[in-house]
Amino acid sequence: MSTANTGKGKERDEKPESQGSVPARHFIQEIVDEHRKTGKFEGRVQTRFPPEPNGYLHIGHAKSICLNFGLAAEYGGKCNLRFDDTNPVKEDIEYIHSIMEDVRWLGFQWDGLFYASDYFDRLYAWAEQLIENGKAYVCDLGGDDVARYRGDLKGGKESPYRNRAVEENLDLFRRMKAGEFPDGSRTLRAKIDMNSPNFNMRDPVLYRILHAEHPHVGNKWCIYPMYDWAHGQSDSIERVTHSICTLEFENHRPLYDWCLDALGIYHPQQIEFARLNLTYTVLSKRRLIELVTDGRVNGWDDPRMPTIAGIRRRGYTPDSLRAFCKEIGVAKFNGTIDVGRLENCVRDDLNRRAPRVLGVLRPLKVVIDNYPEGQVEEFDAVNNPEDPNAGTRALPFSRVLYIEQDDFREDPPKEFFRLAPGREVRLRYAYFLKCVGVIKDEKTGEVLELHCVYDPATKGGNAPDNRKVKATIHWVSAEHARKVEVRLYDHLFAKPNPDDVPEGQDYKANLNPQSLVTLTDCRVEPSLASATVGERFQFERLGYFCVDPDSKPGALVFNRTVTLRDTWAKIDSAQKKR
RNA sequence: UGGGGAUUGGUGUAACGGUAGCACGACUGACUCUGGAUCAGUUAGUCUAGGUUCAAAUCCUAGAUCCCCAGCCA
């Protein structure tokens with residue numbers, strides 16, 4: 001059974017504040033409701049997630065996974081994981097493993113684990129049955145000819161092999177299976193209608209000859225069923241009730257139905273919904289494979305990738321992904337979701353659960369002139385203001401600190417209320433601090449170091465005279481801080497729609513050169529020394545970060561999952577535009 | 001030029017002949033030892049043109065726009 005219904009999002013929904021606020025039901029739930037009312041499948045609900053193991057799962061698959069497993073959980077039904085492994089030349093065991101890992105990580109457990117290739121014997125027998133009933137024939141046309149005979153919008157032409165005798169078809173098909181013929185020399189085709197306006201019905205190929213080793217069933221077969229011959233029957237074998245797929249298969253539904261009816265076997269209902277599109281990224285397996293094999297990214301789990309593996313490494317939680325899938329809904333409209341929606345989901349989740357720490361990305365040295373040399377104090381810092389049970393930790397403070405370069409401006413613009421010459425701010429949990437001197441590189445003008453004074457009376461962060469400061473900034477003690485690497489990620493593509501390119505160029509022209517910025521001289525508070533791979537934190541005022549698997553003992557690497565909402569950045573960039 | 005789908009604020013999604021709602025964003029303000037979070041408020045929509053009806057996002061007619069289909073891929 002799925003564990004998806006244990007998420008926090010669900011708990012919230014179950015106690016709606018406003019009376020009668022019924023969560024909206026999407027069209028597939030309505031179809032299922034109707035079926036249960038009319039008793040179409042004896043009230044049963046069974047779904048399946050049917051990936052082809054020819055690539056890593058991406059967030060679009062997450063939508064489908066949540067839909068299929070979610071429906072089964074909602075109605076007390078079953079959901080299987082079935083590998084649609086009918087094309088051995090594209091498939092690989094690596095993908096089988098990654099898919100299982102990703103589904104589990106997302107928080108789902110399949111009822112049955114199946115492979116279409118385990119049904120090959122039955123599919124073969126059904127094909128012979130079709131031949132015997134005069135509904136399929138072996139065609140000797142080559143690939144180009146098949147396409148030519150299929151015709152155009154006006155209609156097609158029947159294959160010269162279309163009316164072979166049943167016995168000849170049977171003999172040829174058995175010899176295809178026995179390996180007597182080379183790849184591509186013959187196919188088994190359904191005998192339907194070469195003039196159908198739906199090309200899928202113009203005698204679709206059911207079997208092709210492929211002398212290739214299969215990742216799951218090895219060398220047993222040299223003919224392999226096509227998707228259309230395998231999918232519906234696999235659903236039928238498993239007694240799936242609702243065979244949910246994406247819109248591009250709508251044109252295949254007549255064929256899905258034809259195959260099942262021709263065999264007279266249990267008939268699930270296919271239902272199509274719109275696949276997910278996201279701004280600033282691509283979500284097609286072909287393109288994701290290209291990005292990986294061309295080395296545009298560092299593998300399938302590169303944190304910039306929209307793959308589940310990439311998103312996981314980036315630091316997203318399974319809950320945030322599920323919340324996202326729930327929030328975007330299910331419909332037949334082919335729209336594009338703003339990737340900001342996804343980022344909001346992980347912020348929302350991590351805000352509640354991530355411990356806060358202080359870390360400085362781009363250090364600026366601060367010497368507190370009036371703080372005693374060699375003195376160290378410790379301040380209590382709240383681990384998570386959203387979680388009273390998260391406790392506190394000690395933060396060491398001393399004469400030399402690092403603050404964020406962004407938190408100082410020698411010539412502060414309007415509305416910048418952080419540190420500047422002569423200005424006072426609060427150091428989080430510590431003291432008020434005033435800037436009294438700026439040391440710069442004589443040649444470049446770069447600010448190298450700040451000299452400041454602190455007010456001992458403001459210990460803990462509050463002034464006895466009740467004076468206010470406009471900003472609180474984060475800091476680390478230079479002596480105590482740990483040096484770490486931080487990887488900042490931005491959108492993989494520079495434009496919302498990667499296909500928005502000049503004539504003659506393709507989506508790769510829109511790859512964002514700034515999508516990965518590596519910072520090697522960051523400083524974090526000492527409590528982070530024991531952080532382990534995968535652990536997530538909020539670096540206060542900056543964003544959410546998690547420990548990357550590239551980390552070595554004493555050499556931590558953090559991925560920035562997402563920034564905090566940054567009102568100042570908005571004001572700043574608006575001012576610069578003016 | 002054939003067939004199959006779709007179209008509601010910036011984005012996504014409800015309303016199933018009877019008050020166009022929700023979420024996110026954006027914008028205001030409050031609060032705040034994170035310019036975070038939280039809270040309050042504002043903003044903005046039925047593809048077009050006809051028709052039926054007391055009443056149309058919803059039904060009818062015509063059109064527009066977008067997506068998918070001519071793999072021995074799925």
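All chains are named by letter (A, B, ...) in the order of the sequence lines, taking the proteins before the strands, and each is independently numbered beginning at 1. Everything numeric here is computed off the predicted structure, so don't read it as measured data.
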Requested in this report: For the side chain of A:M226, starting at C-beta, report the closest nucleotide among B:rC73, B:rA37, B:rU34.
Outcome: B:rC73
Requested in this report: Return the value, rounded to whole Å, for the distance between atom CZ of A:R426 and atom P of B:rG35.
Outcome: 10 Å
**Report entry** Polar side chain donor-acceptor pair, A:N344 to A:R347, under 3.5 angstrom
**Finding:** yes
Query raised in the report: Could you state the CG-P distance from A:N334 to B:rG12, rounded to the nearest angstrom?
Result: 10 Å
Report task. Output yes when at least one side-chain N/O atom of A:R208 is less than 4.0 Å from OP1 or OP2 of B:rC73, else no. Result -> yes
Query raised in the report: Rounded to whole angstrom units, what separation is found between the OH atom of A:Y224 and the C1' atom of B:rC72?
Result: 14 Å
Query raised in the report: Using a heavy-atom distance cut-off of less than 4.0 Å, which residues of residues 189-203 of chain A contact RNA chain B?
Result: A:P197, A:F199
Report task. Show the numbers, then the answer: is there a side chain to side chain contact (heavy atoms under 4.5 Å, CB included) between A:R353 and A:D319? Result -> CA-CA 11 Å; A:R353 66 211 300 177; A:D319 299 75; 3.5 Å; yes
Query - Aromatic centroids of A:F397 and A:F379 separated by under 6.0 Å - result: yes
Query - Heavy-atom side-chain proximity of A:L123 to A:Y207 below 4.5 angstrom - result: yes
Report task. Report yes or no: is there a donor-acceptor pair, N or O only, under 3.5 Å between the side chain of A:E386 and the base of B:rG36? Result -> yes
Report task. Check every atom of B:rA74, B:rC24, B:rA6 against the side chain of A:R341 and return the nucleotide holding the closest atom. Result -> B:rC24
Query - Base of B:rU34 paired with side chain of A:Q538 (donor-acceptor, under 3.5 Å) - result: yes
Query raised in the report: Ignoring hydrogens and angles, are the base of B:rC68 and the side chain of A:N251 linked by a donor-acceptor pair under 3.5 Å?
Result: yes
Report task. For this output row, return yes or no: ring centroids of A:Y227 and A:H231 closer than 6.0 angstrom. Result -> yes
Query raised in the report: Do A:R347 and B:rG36 share a donor-acceptor pair, side chain to base, under 3.5 Å?
Result: no
Query raised in the report: Side chain of A:E248, base of B:rC69: donor and acceptor closer than 3.5 Å?
Result: no
Query - Verdict with supporting geometry, A:Y316 and A:F324, ring-ring contact (aromatic ring centres under 6.0 Å, His included) - result: CA-CA 11 Å; A:Y316 276 71; A:F324 172 73; 9.0 Å; no
Report task. Determine if the base of B:rG63 is syn or anti; take syn to mean the glycosidic torsion is within 90° of 0. Result -> anti
Query raised in the report: Is A:R253 near enough to B:rG4 that one of its side-chain N or O atoms lies under 4.0 angstrom from OP1 or OP2?
Result: no
Requested in this report: Would you indicate, yes or no, if B:rA74 has its OP1 or OP2 atom less than 4.0 angstrom from a side-chain nitrogen or oxygen of A:T86?
Outcome: yes
Query raised in the report: Between A:F545 and A:F558, does the ring centre distance come in under 6.0 Å?
Result: no
